[in-house]
Every structure is written in C-alpha cells, then in structure tokens.
Amino acid sequence: MEDSTPVSGSFDKSRVLNVKPLRCLVPVFPSGPNFSSFPTPQGAAPFVCVTPSGPFPPGVAPFYPFFASPESQNPGAVPNQNAAFSFNNPNSISNAVPIASYRTPPSQYAADANGETGSSKRVTRSRAQSQQEDRSAQYLSSFSMHVTDTDDTSKVGRSKSGSRSKRTRGRQDINIASTDIDIDSVVENILASSNIPAFDMIRRTDADKESVGYNLMIYDFIRRKITQIEESKDAVPGVTRRPDLRAGTILMNKGLRTNSKKRVGAVPGVEIGDCFFFRMELCLIGLHAPCMAGIDYMGMKISQDEEPLAVSIVSSGGYEDNNEDGDVLIYSGQGGNYYRRDKEIMDQKLERGNLALEKSLHRGNEVRVIRGLKDFANPTGKVYVYDGLYRIQESWVDKGKSGCNVFKYKLVRLPGQSEAFLTWKSIQQWKEGTNSRVGVILPDLTSGAESSPVSLVNDVDDEKGPAYFTYFPGLKNAKPVDPVEPSTGCVCIGGCLPGNPNCPCLQKNGGHLPYNANAVLVNQKSLLYECGPSCQCPPNCRNRISQSGLRVRLEVFKTKDKGWGLRSWDPIRAGAFICEYAGEVIANHKPEELGSENEDDYIFDATRTYPLFELPGDSNEALKIPHPLIISAKDAGNVARFMNHSCSPNVSWQPISRENKNESDLHVAFHAIRHIPPMTELTYDYGMVQPDKADLRKKKCLCGSMKCKGYFY
DNA sequence: TTTCATCAGATGTAT
DNA sequence: ACATCTGATGAAAGC
C-alpha cells in the first residue's frame with residue numbers, strides 16, 4: 001500500500017530520549033471574567049455534527065463549528081422552532097447600536113422571518129429534493145418582498161443606507177438569479193442550522209473572543225461554500241465572483257457583525273496576534289470597518305466641535321510604507337491615486353483619513369495597526385495580522401513618485417503589548433537562516449520523512465525530548481473495509497476537477513470537491529471520500545489533500561506547564577489540512593492490557609467520539625461512521641501524536657476514506673477549525689468514550705477553557 | 001516564479 | 001455619488 005511505506009532506517013537511534021511525555025494541557029484560550037457561559041452539553045466536543053433540521057440537500061452538510069444547542073443533542077427532541085429563527089427577531093438586536101451602515105431595516109427581518117417559517121417544515125421532510133424546491137420558493141417570495149420594501153421605503157424617505165442596501169441586494173439577486181438561488185438556499189441552511197444564541201452573541205456591540213470567533217467561523221464557512229458552488233458551475237473566465245465579498249454582504253444584511261460600533265483602542269474579543277485572510281473579516285468583527293481603505297476613522301465630539309480621529313490603519317504594501325522596524329511604522333497617507341495605474345498621480349490632500357491621522361497625532365489617541373503580509377501558502381493572497389495599539393508620534397510631507405506630496409505618519413507601538421508582528425519577522429528569519437531559533441534540539445525530528453522539516457524545540461527547561469519513537473508518516477496495518485459506496489476509482493487523468501459530473505469520487509462527496517483550490521476543507525463530513533490507489537488521477541489531485549504531506553512548517557515544542565505539544569511557524573487558515581494521524585491500526589484498545597500508566601497516551605480512537613456522529617434524522621450519515629478505528633502511535637507515528645487535548649480546540653479531526661480497489665482504507669486527517677496564528681499550540685478534542693469503555697483512565701484536563709469538561713481520556 | 005494589468009466589488013463618508 | 005493599501009485571474013516579464 002503506497003501510503004503505508006515505512007521510512008524505517010532514517011531515524012537515528014542515538015536520539016532515544018528517555019523522557020516520558022505528558023499528554024497534559026496548556027491553556028490556549030485565556031478566559032476573561034466577562035466570558036459568557038454557554039449552554040453547551042457536558043462532554044460534547046465543539047465540532048459536533050448534529051442536525052436539528054436535517055436532512056440537508058446534497059452539498060449542504062450541517063455545520064456546528066462550536067456551539068451545539070442542547071435540544072439538538074437529543075435525537076428525539078423537536079427542534080425549537082422559535083429559536084430557529086430568532087436571529088430574525090428585531091428584538092434580538094435591540095442592544096446593538098447601529099452605525100450608519102447598518103443594513104437591515106426591521107421590514108426585512110419580517111420578510112426573512114416569513115421565509116424561515118416555511119423552512120421550519122424542513123424538519124419533517126425527508127427528501128432533499130423537496131427541500132431544495134421549498135428553499136427556492138421561499139427565496140423568491142422573500143425577494144419580492146425586498147422589492148416592495150425598497151419602493152415603500154424610498155417613498156417615505158427612509159434612511160439612505162437602508163434603502164440603498166436593499167437595492168443593492170435586489171440588483172445582485174436579479175443579475176445572477178439562476179446561480180444565486182442555490183447559494184442562497186445553502187446559506188439559509190447554514191444559518192438556520194447554526195446555534196441560535198450565538199447569533200445574539202455575534203451582534204453584541206461589546207463582544208468577547210467567543211462571539212468574534214463564531215462570527216468569523218460562520219463567515220469563513222459561507223465563503224468556502226460559495227467558492228465551492230461557484231467552482232462547480234461553468235464559471236465565466238475572467239469574471240471574479242468574489243465569494244469573500246458575497247459572504248460578507250450576506251452576514252452584513254443579516255446584521256451578523258460583531259462590535260459594530262466604532263471605537264478607539266482595543267476591540268473586545270480580538271487579541272493581538274490574531275490573523276485574518278480577508279479584509280471583510282476585519283470589517284465583520286469591528287476591527288477595521290472599510291473593506292478597502294487603509295484608514296478607518298470616526299467623528300469624536302471634542303468640546304463643542306466634532307473632529308475625525310483615526311481608529312485603525314492597515315499597512316499592506318499599497319503605498320511606500322516603511323515597516324522595517326517591528327515597533328515603528330512609517331505610514332503613508334491616502335489619496336493621490338497612488339494605488340491605481342490608470343490615473344495620474346497627484347498631491348495628497350489633508351482630508352478624510354489623512355486629516356483624521358493628523359488630528360489623532362495631536363489628540364494622542366491609540367490607533368490599531370493591522371499589518372498586511374504576503375501569504376506564503378497563497379502567493380496571490382495576503383494575511384492580515386493585528387499588531388495592537390500604536391500612537392502617532394509625528395507627521396510630515398514627503399515627495400513620492402512623480403514628485404507629488406505624500407503624507408507620512410510615524411507610528412510607535414505602545415509598550416507592554418504581547419508580540420505579534422515581531423513573531424512573524426522572527427519566523428521569517430528562522431526560515432531564511434539569518435537568525436536561529438532558540439532551544440532547537442533537533443532541526444528535523446522526521447529525519448526527512450516529511451516534505452517539510454519539523455523542529456524539536458525546548459526553550460523552557462532542560463528536557464531533551466520526548467520518549468523514543470519511530471517517525472512514520474503513514475498508517476501501518478490499515479485494514480481495508482467494505483466501502484459504503486463501492487467504486488473502482490476515477491479516471492481523471494489530469495486530476496479531479498470541480499463540477500465534473502462523471503467523476504465517481506466527486507459523486508461520493510455529494511457532487512463537489514471537498515477541498516477548495518488552496519487545500520482548504522469546505523466543511524466537515526461524517527466521512528470524506530478521497531481518491532486512492534485505484535484512482536487514475538495524479539498524486540497532486542485536489543481530492544488527495546491528506547496524502548500530500550505537511551503543508552505548514554511545524555515544530556514539536558515543550559509546553560510551559562506540562563508535556564510536549566505541536567505548533568506551527570506558518571499561519572493556518574480555517575479548514576486547512578494540517579496532518580494525518582499516523583501510526584499502527586490496532587484491533588482493540590484495552591487499557592488494562594497496556595503496561596504502565598500512560599501507555600495509552602498515544603492512542604487515537606475514533607470511537608471515543610462516537611456520540612458526535614449520531615446525526616438525528618439522518619441515519620444515512622450515521623451509517624457512514626467508520627468506527628471502530630483505533631490507531632496507536634506509541635511506537636511509530638507522526639506529528640499528530642504530539643497534539644494535546646483541549647476542550648476549546650483549534651483543530652478537528654475528519655475521517656477519510658481512500659478508494660482502493662473496491663475496498664477503502666480509513667484514515668484520520670486534522671484540519672484547522674479557525675485561523676491559527678503562528679506559534680499557537682494546536683489542540684483537538686480527544687472526545688468521549690463509549691459506556692463500555694468507561695474504565696479508561698480519566699486524565700485531569702488543564703486546558704483552561706470556560707467550556708472545559710474537567711477531564712479527558 | 002514575481003510582477004503587471006484588469007475589473008468587479010463593498011463599505012462608509014461626503015455632497 | 002465617490003473614494004478606497006481588494007482579490008482572482010491571465011498575461012507579461014524577470015532569472
């Protein structure tokens with residue numbers, strides 16, 4: 001079997017390190033006193049795949065990134081219909097202070113609520129097809145209401161932004177109605193199947209980490225889904241669909257934004273070092289409102305006059321900024337046509353953002369700084385790092401290209417803030433070799449077994465490494481099982497392509513490629529079907545992501561409190577593949593037969609999380625559960641064996657079936673739940689055990705999350 | 001493999 | 001209505 005090829009012989013036995021690694025936990029999610037507690041069922045992992053309103057149409061999987069509602073945990077329970085569309089309830093946003101751009105007038109809530117009434121019937125329907133039709137009809141009816149609303153509101157002279165927004169939406173709908181209905185129904189499904197109280201949390205004007213995280217998670221999921229659907233259609237070349245903007249608009253129109261009121265200084269729920277991959281994300285969480293402009297400002301009443309003050313800037317290379325120093329930033333003002341090629345460059349004027357920066361210089365207020373950097377994984381894309389608060393120290397006028405005036409502002413980072421941009425710079429130096437990582441024990445503990453090296457690092461104490469094991473990136477003794485849907489594999493010589501109706505591997509995944517172009521998993525599934533040995537597609541096929549090795553630069557490191565852990569030098573996008581769980585497939589996991597106390601520490605047991613896959617109302621899904629699958633990485637394994645448990649994890653696991661001559665090999669792959677900044681520990685939820693395995697030793701959990709169960713297995 | 005050119009976008013502010 | 005440090009894509013240009 002090609003993926004089980006051992007790489008023995010490459011491990012240097014002199015590296016036997018006689019230290020017992022702990023499988024303990026470090027706090028990765030600091031919880032403040034204002035952390036809102038949430039009705040999360042005890043023992044439920046955050047990535048629960050339950051569906052209160054399934055079954056879903058093809059390609060629409062239920063998505064529960066974080067919060068599962070209590071009633072949805074019980075297969076027998078009737079979903080709370082009132083709750084199901086409470087996000088359309090105008091009362092639920094009464095506490096939010098709308099800014100001028102608030103896009104959703106009450107009339108639209110009414111229209112959407114009507115639509116949702118129809119959707120609640122989905123619960124009792126069993127055929128996806130009828131649901132799809134239902135969705136389309138519902139969509140159309142809600143569309144006609146929008147049109148009516150627009151006319152009404154313009155007649156009575158509603159606020160500009162209100163009427164404009166609906167016109168925008170209407171225009172969008174008309175132009176691409178044929179493709180939009182599908183997307184709209186998908187999005188409605190996502191929103192309807194998401195946990196309800198979370199919507200109110202998202203709309204909070206003073207949010208916390210949880211609500212910001214949930215907002216971003218919904219946004220990213222919708223964006224990925226739109227990308228996937230658009231890809232499957234016969235896309236017009238050269239026409240960009242901008243799924244990032246479309247997903248953002250949808251959430252904006254629903255009022256699903258966090259910290260919508262502008263403010264000076266820190267934004268609640270956003271931490272220094274947080275990273276983002278789209279400007280729209282900054283907008284949705286209230287970190288930086290304009291979706292293009294680099295300077296965000298707000299009017300502030302100072303004595304009787306109101307003057308603009310800058311609240312945040314994005315420095316991402318559009319102008320000639322100087323960001324050589326980690327703590328000082330020379331920022332260029334806006335305007336003067338510096339960002340466009342088709343217009344003549346002019347002098348910048350002291351207006352808009354430039355004026356605001358000038359005022360902020362004299363006022364001395366804090367300005368948030370977001371650094372836009374090149375994304376190593378996506379040459380065409382950027383990654384945005386929130387670098388904390390700065391103060392403007394001085395300003396002057398420079399002569400830029402063509403000798404035109406450019407405003408310059410010197411911003412200095414406030415002391416005492418945790419490292420963010422500096423960390424990125426350090427990592428870049430480690431990679432270039434211009435500076436070396438402190439505490440490196442082994443530059444590559446895989447001894448070349450992986451495409452990318454994995455450092456072993458300890459910069460906290462004297463431990464020389466974890467206990468001996470053989471680095472092995474595949475699965476030993478993978479037992480082929482009868483596939484749920486037999487197939488002899490695909491014949492996509494050039495690789496499987498989205499929208500190909502003849503590819504059996506796509507068909508098994510609901511007709512879509514499960515991964516986006518940048519190797520990002522679109523959504524979790526109870527079982528994902530990748531191409532395998534009996535497929536004729538090449539190894540770099542987009543449906544073989546979990547077989548193509550590590551894509552990020554990882555390090556195994558000694559955690560501050562206990563044990564060894566795993567983290568990445570590179571930022572990881574939400575949904576991105578991280579690694580497989582490698583090791584030896586074993587028949588049974590009997591802890592009493594294992595010797596000393598912690599020998600079961602390197603067991604991955606898919607059955608431990610079995611309750612997560614009891615999908616109410618969708619027995620088909622439940623049947624696909626590939627347990628029992630138990631993998632031991634005690635003697636041989638890869639980086640995955642170092643991932644610690646957390647009750648608020650940033651990584652989730654996904655069962656994957658690989659096509660293999662009418663049989664299939666089961667594997668387990670890990671993906672990022674959300675964007676993960678560099679040097680953040682990677683953790684997943686080890687899950688629960690089945691009742692008959694309750695004799696497993698419980699270990700005390702120290703993850704520090706508000707949702708901590710107190711123990712894990 | 002980087003850069004350029006092109007173009008459709010969205011939001012918030014100003015007119 | 002307008003200004004604006006987007007983001008994908010394809011073409012052209014650096015090594």
Side-chain angles (χ1 to χ4, degrees), chain A residues 98-104 159-165 167-169 171-172 175-176 219 223 226-227 230-231 235-253 257 260-262 276-284 286-299 306-323 329-343 345-346 348-349 351-357 369-376 378-384 400 406-409 516-518:
Chain A
I99 58 176
S101 65
Y102 195 79
R103 291 302 183 88
T104 315
S159 80
K160 239 182 189 173
S161 63
S163 60
R164 193 263 322 256
S165 73
R167 257 186 279 122
T168 302
R169 181 175 171 160
R171 189 177 59 222
Q172 230 176 33
N175 286 349
I176 41 179
Y219 168 77
R223 189 188 55 75
I226 293 175
T227 307
E230 287 289 350
E231 256 191 338
V236 185
V239 175
T240 53
R241 293 291 188 181
R242 296 302 296 267
D244 57 322
L245 298 183
R246 293 187 64 186
T249 308
I250 288 167
L251 292 191
M252 289 281 196
N253 285 334
R257 55 189 307 180
S260 57
K261 194 179 178 184
K262 287 194 184 186
F276 311 91
F277 292 82
F278 292 92
R279 285 289 298 267
M280 195 54 96
E281 294 178 313
L282 310 180
C283 187
L284 282 169
L287 188 62
H288 186 87
C291 59
M292 268 188 86
I295 306 168
D296 192 10
Y297 54 98
M298 63 184 285
E306 187 175 272
E307 63 180 43
L309 288 185
V311 293
S312 62
I313 59 166
V314 178
S315 169
S316 58
Y319 291 76
E320 297 166 317
D321 296 344
N322 186 342
N323 59 3
L329 172 65
I330 309 297
Y331 190 76
S332 303
Q334 64 185 186
N337 293 331
Y338 269 82
Y339 67 105
R340 15 193 335 173
R341 305 271 167 191
D342 55 334
K343 285 203 176 179
I345 294 178
M346 299 159 62
Q348 291 186 343
K349 294 175 190 162
E351 59 183 19
R352 297 171 180 271
N354 300 343
L355 181 62
L357 286 169
V369 168
I370 298 110
R371 308 259 194 170
L373 312 167
K374 273 184 193 166
D375 183 9
F376 80 101
N378 191 14
T380 170
K382 278 179 185 158
V383 52
Y384 298 94
V406 178
F407 288 99
K408 294 282 185 177
Y409 301 90
N516 278 352
N518 37 20

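In the text below, chain A, chain B and the rest are named by the order of the sequence lines, each starting its count at 1.
Heavy atoms of A/Asp296 sit nowhere under 4.0 angstrom from any nucleic acid atom. As judged by a 4.0 angstrom heavy-atom cut-off over every strand, A/Gly372 is placed among residues making no nucleic acid contact. A/Tyr331 comes within 4.0 angstrom of a base, heavy atoms only. Residue contacts for A/Gly248: at a heavy-atom cut-off of 4.0 Å it reaches no nucleic acid atom on any strand shown.
A close approach under 4.0 Å does occur between a side-chain nitrogen or oxygen of A/Ser316 and OP1 or OP2 of C/dT6. In this structure, A/Arg242 does not reach the B/dA8 phosphate: none of its side-chain N or O atoms is under 4.0 Å from OP1 or OP2. A sub-4.0 Å separation between OP1 or OP2 of C/dT4 and a side-chain N or O of A/Tyr297 is absent. Within the 4.0 Å cut-off from OP1 or OP2 of C/dT6, at least one side-chain nitrogen or oxygen of A/Lys382 is found.
Helical stems in DNA chain C, defined as runs of 3 or more consecutive Watson-Crick or G-U wobble pairs with donor-acceptor distances under 3.5 Å: B:1-8 with C:6-13, B:10-13 with C:1-4.
When side chains are defined from C-beta on, A/Leu357 counts as touching A/Tyr331, because their heavy atoms get closer than 4.5 Å. Between A/Asn354 and A/Ile295 there is a side-chain heavy-atom pair separated by less than 4.5 Å. Between A/Leu245 and A/Met280, some side-chain heavy-atom pair lies under the 4.5 Å cut-off. Side-chain contact between A/Leu284 and A/Met252 is present, with heavy atoms from C-beta onward closer than 4.5 Å.
For A/Tyr339 and C/dT6, the ring-to-base geometry does not satisfy the stacking test (centroid distance below 5.5 Å, interplanar angle below 30°).
The two residues A/Pro308 and A/Tyr297 make their nearest non-hydrogen contact at CB-CD1, 4.0 Å. The nearest pair of heavy atoms linking A/Gly248 to A/Tyr219 is N-CE1, 3.4 Å. Contact record, A/Arg241 with A/Arg246: O-CD, 3.4 Å, taken as the closest heavy-atom pair. Scanning all heavy atoms of the two residues, the minimum distance from A/Asp321 to A/Ser332 falls at OD1-N, 2.9 Å.
In the set C/dA8, C/dT6, B/dA14, the nucleotide with an atom closest to the side chain of A/Phe278 is C/dA8. When the nucleotides C/dA8, B/dA10, B/dT11 are ranked by their closest atom to the side chain of A/Met252, B/dT11 comes out on top. The side chain of A/Arg279 has C/dG7 as its nearest neighbour among C/dA8, C/dG7, B/dG9. Distance from the side chain of A/Ala293 is smallest to C/dT4 among C/dT4, C/dT6, B/dG9. Comparing atom distances between the A/Met292 side chain and each of C/dA3, C/dC5, B/dG9 picks out B/dG9 as nearest. Among the nucleotides B/dG9, C/dG7, C/dT9, the one closest to the side chain of A/Leu245 is B/dG9.
Between the P atom of B/dT13 and the CD atom of A/Glu306 lies a distance of 10 Å, rounded to the nearest Å. The interatomic distance linking A/Phe276 (CZ) with C/dT6 (C1') rounds to 17 Å, in whole Å. The separation between A/Arg241 atom CZ and B/dG9 atom C1' is 12 Å, rounded to whole Å. For A/Leu287 and B/dT11, the CG to P distance is 17 Å, given to the nearest whole Å.
Looking at residues two or more places apart in sequence or on another chain, you find no side-chain hydrogen bond (donor to acceptor under 3.5 Å, both in side chains) involving A/Gln334.
Position along DNA chain C of the nearest nucleotide to A/Lys343 versus A/Cys291 favours A/Lys343 as the more 5'-ward residue. Taking for each of A/Met280 and A/Gly299 the nucleotide of DNA chain B with the nearest heavy atom, the 5'-most of the two is the partner of A/Met280.
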Can you list the steps and then say if A/Arg223 with A/Phe277 is a side-chain contact (heavy atoms from CB on, under 4.5 Å)? CA-CA 12 Å; A/Arg223 189 188 55 75; A/Phe277 292 82; over 6 Å; no

Give me the distances for all protein-to-nucleotides 3-5 of chain B N/O pairs that come in under 3.5 Å?
from: B/dT3; atom 1: OP2; to: A/Lys374; atom 2: NZ; distance (Å): 3.2

